[in-house]
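Step one of this worksheet: look at the structure below.
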Amino acid sequence: MSTSGKVAVAGVVAAIVLFWTVGFWAGLLVLIGVPAAAYLLLDSSQRRRLRGLSRKQIGR
């Protein structure tokens, strides 16, 4: 299994556990809020680099 596949499976498992423990809406808020907050904490050069990596992988 590829690394991205493992990350996807781990994300699904984390979401199921989170929804089961804190409820659907709170779990959804955490699953969306944490990555969004992490992205906003990056400075502009890091965001540019991250966008460039995403575009490069899409074009492969």
Side-chain angles (χ1 to χ4, degrees):
M1 182 180 283
S2 68
T3 303
S4 60
K6 291 177 186 175
V7 169
V9 169
V12 169
V13 170
I16 291 170
V17 169
L18 194 62
F19 290 159
W20 182 68
T21 56
V22 298
F24 178 76
W25 292 111
L28 189 63
L29 181 65
V30 169
L31 287 175
I32 293 173
V34 169
Y39 180 77
L40 292 174
L41 288 173
L42 297 174
D43 58 29
S44 61
S45 65
Q46 291 171 323
R47 289 181 192 168
R48 193 177 322 114
R49 184 172 157 199
L50 186 62
R51 283 193 304 265
L53 285 174
S54 298
R55 287 189 190 127
K56 184 190 293 185
Q57 289 178 353
I58 288 172
R60 270 200 223 176

Practice task
Spell out, yes or no, whether V9 and V7 are grouped together once hydrophobic residues are joined by side-chain heavy atoms under 4.5 Å, including indirect joins.
Solution key: no
Problem - R47 side chain vs L40 backbone, donor-acceptor pair below 3.5 Å - result: yes
Practice task
Might you work through the side-chain contact (heavy atoms from CB on, under 4.5 Å) test for L18 and L31, ending with a clear yes or no?
Solution key: CA-CA 9 Å; L18 194 62; L31 287 175; 3.9 Å; yes
Handout entry: Point-to-point distance, once rounded to the nearest 0.5 Å, from CG of L42 to CZ of R48
Key = 12.0 Å
Problem - Co-membership, hydrophobic cluster, residues L28 and V34, 4.5 Å side-chain - result: yes
Fill in the blank from the handout: Closest non-hydrogen atoms of P35 and I32, given as atom of the first, atom of the second and distance, are CD-O, 3.5 Å
Exercise for the section: Please answer: with hydrophobic residues joined when any side-chain heavy atoms are less than 4.5 Å apart, are V30 and V12 in the same cluster? Expected result: no
Completion exercise
Between F24 and F19, the two heavy atoms sitting closest are O-CE2, 3.6 Å
